[in-house]
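Take a look at the structure set out below.
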Amino acid sequence: MIASFFFRQVIKKMSQTDMQEKTWNDYFPYEPRKMQIGMIKVINSFLRKRVHLVMEASTGIGKTIVNLAAVLPYAKANGYKIIYTARTHSQMDRVVEELQKISEKTPVSGIAMRGRESFCLNKMVLKHSNSSRALQIMCKHLKTSKKCEYHVNMKDDRRMAPVLRDLSSQPATSEYIFDVSQSAMICPAETVRKVLPSVDVIACSYLYLFDQEIRKSFLETINCELSDLIVIIDEAHNLPDMVNGVTSDTLSSFSMTRATREASRHGRDDFVRFFDTVIDFLSKKDKEMKLYDEKAVDAGIILEELELECGLELDDEFFGDMLDLGETIRFALAKNGKEPRSSLGRIGEFFFKWYDSIGHNDLTYSMEKKRFQDGKGSFVVLNLNSLDPSKGIYPVLSNVENSISVTGTLGDPLAYTLLTGINRLKHTTNIFPSPYDKKNVKTLVLKELTTIYKQRTPSMFNKIVKAICAVSAETPANVGLFVPSYKLLQDILNNGLEDYAPKDIIVAKPGMKSAENDLMIERFKRKSKRGGAILCTVLGGRSSEGADFPGDLMNTVIIVGIPYPPPTVRVNAQIDYMNSKFPGKGRTLSYTTPAINRAAQAAGRPVRGLDDKALIVLIDHRYGQAAVQNKLPVWIRDSIEIISPDPSYVSLKARDFFRIHNML
């Protein structure tokens, strides 16, 4: 890492003559709007003061190009690398697309990262693409045994040199990287690794910085320390939940039988005894607990019970041995061309984490009884959940040169700074005014209707369905219907929407794979040219946050209910934990703000540019409450009108909106 420091000093000296003279104008390839100039000036000011910046700016402002144009001059003049983190592949590719525009004006380089499963040409490896661990091990085996022709070909300078020159000199999307590597018959993943140290901007998943294990490898690959980086966090409201998810884990008894066989084959009778004990323990709990019950447990007491039953000392050495044997099994399977999977190793990972976390007050533990998907039978799982995302975020942001957190749905800036630990750093928050013409976005809040659990009666569902149908009938093309859960979605469908919807309905299913979701979205988009359809899906899913629907692709967004999480052990524990850390703020941080952010994200799906028109219908009277409205983004808050849920009046309001814009 010392090399990166000297490299940065060399770049800084070189910059005295040319790079230092450049300004944001040199990196802005469009005619800048007034608000964009204002945002750039704010970023420039705080960047030079080393103040971490948290911003809410409406979709359509051009946040990506603003961030890049503001940061690039400072980063290049001082030898810093820009890490632009995002949640989805499309957001990462958007960064590179803007860099390509910039490079038409001023030379700049950048790469959009992907996981190894998206950057692999080897069919043997791709057979195991459903498991990242199996894919990684198979890849490593084929490389070390020199059985991957694409990796072997990388020793051929005639193949490598032109590709490396190409990728180092211009911004490259993941698709382009894959194509040029495939043409040269070299490994795309390893090619990217060779290019990363030399590029100006890396667009990647949050995980590259905020997963401790991935970060270590990533920093070594790019030859940087955290202090060499300026980090931009796109759609920053997603970061706390993502980081908590990295630390959390779940274990059921499904893999125990296979793990027992693995242990027997390797002569580990102690592991067999332990697995049998866990199976008996979970089976006993399955008989004792009611279906869907969840109980908080003490991690130490659970291990003590298992120790007494199996007569073994369950400590870090025991579970460490299990981890090591798991790796041995995986590599042996890979060597024989089989899927490198080890249930024994997976169980070792879970219990090593469980043991290692005992005594930590920022984690919670529970047992939960679930039903099989086919509805036949039940099972019990052990849950380990992280409660404090700042534990994974603060150590990163406190060591980078600077950071910019930006989103269109920040809602509550204080909540974000507390959850991430930015409140402990020198920071500032900025909420930029809505740039939209007030005529272009209209938000209707329907009084009296709600999805509060005790009020979910047939009569209430009937009124909700009538409101949905009234709005949909007046919408020129496509409608997006977003609800808190698949259960609630099915209730709405069963209570009349399937029978009375004025347009075709396209329904998302739980557990859909990414490819299936993409096909569903393409089908929905095609419907916009044939009278439109209603896309029925859940808040917080891929379609509510990761997809864009400008123009007729989605004229209207209907959000039914507020996606407050159910009162699980994790949710209640997080509220209590946050209350202990920030008295009186636990419910806001862990319950209210995340739910409203999810609703706001869905509301913004059709508003991708300043000229887009969108009708947003919030079917739940709680959206009319000041406490909720104050956490909505300013561009939604400024467009709200609270109206009667009478279907004829709802129809009139929808019709008026689209007539104003000559869309009917």
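All values derive from a computational prediction rather than experimental measurement.
Atom CD of Glu516 has more than 12 neighbouring heavy atoms from other residues, nucleotides or ligands inside a 6.0 Å radius. Heavy-atom contacts from other residues, nucleotides or ligands closer than 6.0 Å to NZ of Lys529 number 12 or fewer. Applying the 6.0 Å contact sphere to CZ of Arg33 captures more than 12 heavy atoms from other residues, nucleotides or ligands. Other residues, nucleotides and ligands contribute over 12 non-hydrogen atoms within 6.0 Å of the NZ atom of Lys442. The 12-atom threshold is exceeded at CZ of Phe372, counting heavy atoms of other residues, nucleotides or ligands nearer than 6.0 Å.
The cationic atom of Lys525 (NZ for Lys, CZ for Arg) lies less than 6.0 Å from the six-membered ring centre of Phe549 and within 45° of the ring axis.
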If you apply the rule side chain to side chain contact (heavy atoms under 4.5 Å, CB included), what do you find for Asn440 with Asp612, and how did you get there? CA-CA 7 Å; Asn440 287 357; Asp612 286 326; over 6 Å; no
Run the side chain to side chain contact (heavy atoms under 4.5 Å, CB included) check on Val617 and Leu446 step by step: do they pass? CA-CA 8 Å; Val617 182; Leu446 304 195; 4.2 Å; yes
Show your working on side chain to side chain contact (heavy atoms under 4.5 Å, CB included) between Ile558 and Ser472 and close with a plain yes or no. CA-CA 9 Å; Ile558 303 173; Ser472 301; 4.0 Å; yes
Start with the C-alpha gap between Ile65 and Ile102, add the side-chain angles, then the distance that decides, and say whether side chain to side chain contact (heavy atoms under 4.5 Å, CB included) holds. CA-CA 9 Å; Ile65 190 61; Ile102 293 171; 3.7 Å; yes
Take Thr450 and Asp620, measure what side-chain hydrogen bond (donor to acceptor under 3.5 Å, both in side chains) needs, and give me the verdict at the end. CA-CA 4 Å; Thr450 188; Asp620 198 305; 3.2 Å; yes
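A donor atom on one side chain and an acceptor atom on the other are not found under 3.5 Å apart for Asp241 and Asn238. A side-chain donor from one of Asp388 and Ser390 sits under 3.5 Å from a side-chain acceptor of the other. For the residue pair Ser174 and Arg114, a side-chain donor N or O sits within less than 3.5 Å of a side-chain acceptor on the partner. Using modelled atom types and a 3.5 Å distance limit, the side chains of Gln91 and Arg87 yield no donor-acceptor pair. A donor atom on one side chain and an acceptor atom on the other are not found under 3.5 Å apart for Asp93 and Thr173. Side-chain contact of Ser386 with Asn244: a donor-acceptor pair under 3.5 Å is present, judged by distance alone. Inspection of the Thr568 and Glu294 side chains reveals no N or O donor paired with an N or O acceptor under 3.5 Å. One side chain, Asn383 or Thr250, offers a donor N or O that lies under 3.5 Å from an acceptor on the other. Of the N and O atoms on the side chains of Thr88 and Ser90, at least one donor lies less than 3.5 Å from an acceptor on the other residue.
For the atom pair Lys466 NZ and Ser651 OG, the distance stands at 12.0 Å (nearest 0.5 Å). Atoms CZ and CG, on Phe524 and Asp504 in that order, are 11.0 Å from each other to the nearest 0.5 Å. Between atom CD of residue Glu235 and atom CG of residue Asn597 there is a gap of 10.5 Å, rounded to the nearest 0.5 Å. The CZ atom of Phe28 lies 6.5 Å from the CH2 atom of Trp24; values are rounded to the nearest 0.5 Å. To the nearest 0.5 Å, the span separating CG on Leu68 from CD1 on Ile40 amounts to 10.0 Å. Atoms CZ and CG, on Phe461 and Leu493 in that order, are 10.5 Å from each other to the nearest 0.5 Å.
Side-chain contact between Arg622 and Ile452 is present, with at least one heavy-atom pair separated by less than 4.5 Å. No side-chain heavy atom of Pro32 sits under 4.5 Å from any side-chain heavy atom of Met39. Residues Val201 and Val95 have side chains in contact (heavy-atom distance under 4.5 Å, counting atoms from C-beta outward). For the pair Val471/Leu444, no side-chain contact is recorded, criterion being any heavy-atom separation below 4.5 Å from C-beta on. By the 4.5 Å heavy-atom criterion applied to side chains, Tyr208 and Ile83 are not counted as neighbours. Side-chain contact check for Ile177 versus Asp179: every heavy-atom pair is 4.5 Å or farther apart. A 4.5 Å side-chain heavy-atom check between Leu239 and Ser405 finds every atom pair outside the cut-off. By the 4.5 Å heavy-atom criterion applied to side chains, Met55 and Ile43 are counted as neighbours.
Of all heavy-atom pairs between Ala602 and Ile559, the closest is CB-CD1, 4.1 Å. Summarising the geometry of Ala508 relative to Leu489, their closest heavy-atom pair is O-CD2, 4.4 Å, with the distance given to 0.1 Å. When all heavy atoms of Leu618 and Ile616 are compared, the pair lying nearest together is CD2-CG2, 3.9 Å. Residues Arg587 and Ile575 share a closest heavy-atom pair of N-CG2, 3.9 Å. The minimum heavy-atom distance linking Pro240 with Tyr416 is given by the pair CD-CE1, 4.4 Å. The shortest heavy-atom contact between Met578 and Leu387 is CE-O, 3.4 Å.
Separation of the Tyr564 and Tyr591 ring centroids falls under the 6.0 Å cut-off.
A donor-acceptor pair under 3.5 Å links the side-chain atoms of Lys503 to the main chain of Gly531, judged by distance alone. Using modelled atom types, one side-chain atom of Thr85 and one backbone atom of Ile232 make a donor-acceptor pair closer than 3.5 Å. Judged by distance alone, with hydrogens and angles left aside, the side-chain atoms of Tyr486 form no donor-acceptor pair with the main-chain N or O of Thr537 at under 3.5 Å. Not a single donor-acceptor pair under 3.5 Å links the side chain of Arg598 to the backbone N or O of Gly540. In this structure, Asn462 contributes its side chain and Pro458 its backbone to no donor-acceptor pair below 3.5 Å. A donor-acceptor pair under 3.5 Å links the side-chain atoms of Lys63 to the main chain of Ala57, judged by distance alone.
Applying side-chain hydrogen bond (donor to acceptor under 3.5 Å, both in side chains) to Tyr30 and the options Gln36, Lys101, Glu98 leaves one that passes, Glu98. The residue from Val557, Ile642, Ile636 that alone fulfils the side-chain contact (heavy atoms from CB on, under 4.5 Å) condition with Thr443 is Ile636. Considering Leu539, Thr451, Leu449 as possible partners of Val560, the one that fulfils the side-chain contact (heavy atoms from CB on, under 4.5 Å) test is Thr451.
Note on Asp491 versus Arg456: no salt bridge recorded, every NZ/NE/NH1/NH2 to OD/OE distance being 4.0 Å or above. Between Arg605 and Asp548 there is a salt bridge, since a side-chain N of the basic residue sits under 4.0 Å from a carboxylate O of the acidic one. A salt bridge does not link Glu474 to Lys653: none of the charged side-chain nitrogens sits closer than 4.0 Å to a carboxylate oxygen.
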